[in-house]
Amino acid sequence: MALVTLRAPLADLAGGNRRLELPGRTVGETLGALERSWPRTRGWILDEHGAVRRHVNVFLNGERVDATASVRDTDMLHVLPSITGGI
Amino acid sequence: MPELLVGTRKGLFVLRGNGPGDFDLAVRAFAGTTVEYAMRDRRSGRYFASVTSGFYGPRLMHTMDPADGWEQADGIGFPQDDDVSLERIWVVRQGEAPEQLWAGSDPAALWESNDGGLRWTRNDALWQQRIDGDWQPGLGGLALHSICTWPGEPQNLAIAVSAAGVWLTDDGGATWRTGYAGLVPEYMPEESRADTNVLCVHNMHRAAARPQRLFMQFHGGVYRSDDAGSTWIDIREGLPTGAFGFPLVVDPANPDSAFVIPMTGAEDRTVPGGALAVYATGDAGATWTTRAQGLPPSDAYVTILRQAFDGHGQGDDMSLWFGATSGEVFGSLDAGRSWFTVAPRLAPVTSVRVA
């Protein structure tokens, strides 16, 4: 299973867990597993179409990826808000 | 004690107080996130907030205590195989049936809850009208922003969409018909006006004491309907700058009484001449009078957004409350005859509702 790292507010929605081991063959499946385990995260990272939201970045072993990227056991997945600015 | 729910670009502010100089900031929630709209269901006491995170998207949250315990409502979102995504929830409104609430979104869809607002379903009959009619968005998106219930009649509803006009149902949303007659879209070429469905309604409210009557702030002009929204009468005479604007309040007890805050036309969208003023009618729009005592008389180049004006009570003692994009919130306890500052420096205000 991949190790998924979350920050606030996502970690708060996942029961305070900043690191979770989750199953899945792709980023989308892994984040879907997050939503099933912690329903309050539903819709925060993935939109209605299963795509990673435009202003959320998912890094797989340090490389920014989309929901279709393949995931293997022992992979590291970081979910971070993008650095899009504005006020 | 009045409780004001003020949605802003930087969260929800709950203000409590009794009058001038007496309001305190009781709660701030969703810090840093846009709260498009917040209201309280007065039957259950449950609070609702439409929250749009720049990172994590839009959602409807609810709680019994605005200081804590916000949870996400279920069901407001489009199916995975639809070609659209939820952009924003514009309005939440108490229904007339027990535990019934309505919500409107961008893209323009009507949502219904019958369990007090925890779970929602889309009205598919109106959604199909959107698809068949190829509805076009206004500057703020394709927004279903106004939902007018009919007191005591849950089957009867009028909704308004920017920019797809007025839609009416008398069977609880199973079927819909337009309420276009009389509206003049001056932003269209004359030869295109008769057949267009691009009707940019900015706001619409029903006169509860005479439910056949509705008031409307249009893209240019203010209108009244005396036949439940089927046909519309132009009542802009006496208002400044072509009567462009967004905010609208109707006295629930007096169907002849309504309030608007006009703005300079679509290219500017600020208060005319920088003089902040509410305009009131007591004769169903035949005449309008300025009610500005206590409001900035000059250099107030602010915008009052469509959901940022609300009233409570009725008649001469009706309280009125509005917030500006400058972050100021103003209040009146005498139907607009005098005004005071409730909060001088919040974030840009998106909505104001009396809890």
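Numbers restart at 1 for each chain; the letters A, B, ... are given by sequence-line order, proteins then strands.
Looking at Asp82(B) and Arg122(B), a side-chain N of the basic residue comes within less than 4.0 Å of a carboxylate O on the acidic one, giving a salt bridge.
For CG of Leu139(B), the number of neighbouring non-hydrogen atoms (other residues, nucleotides, ligands) closer than 6.0 Å is 12 at most. No more than 12 heavy-atom neighbours from other residues, nucleotides or ligands sit within 6.0 angstrom of CZ on Arg54(A).
Contact annotation for Leu13(A): neither backbone nor side-chain heavy atoms come within less than 4.5 Å of a heavy atom of chain B. Interface residue Pro79(B): only backbone heavy atoms are found under 4.5 Å from chain A. Both the backbone and the side chain of Arg40(A) come within contact range of chain B, with heavy atoms under 4.5 Å apart.
Not counting sequence neighbours, the partners of Gln136(B) by the side-chain hydrogen bond (donor to acceptor under 3.5 Å, both in side chains) test are Asp134(B).
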Step-by-step side-chain contact (heavy atoms from CB on, under 4.5 Å) determination, Phe78(B) to Ser85(B): CA-CA 6 Å; Phe78(B) 295 94; Ser85(B) 295; 5.8 Å; no
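Using a 4.5 Å heavy-atom cut-off against chain A, the contacting residues of residues 56-75 of chain B are Tyr56(B), Gly57(B), Pro58(B), Arg59(B), Trp70(B), Glu71(B), Gln72(B), Asp74(B).
Residue with the most contacts toward chain A among Ser53(B), Pro348(B), Gly54(B): Gly54(B) (heavy-atom pairs, distance under 4.5 Å).
The aromatic rings of Phe23(B) and Trp321(B) lie perpendicular to each other, with more than 60° between the two planes, well past the 30° mark.
Ser105(B) and Trp90(B) are not linked by any side-chain donor-acceptor pair at a separation below 3.5 angstrom, with hydrogens and angles left out of the test.
Among Trp176(B), Trp135(B), Trp127(B), the one residue that satisfies the ring-ring contact (aromatic ring centres under 6.0 Å, His included) test with Trp167(B) is Trp135(B).
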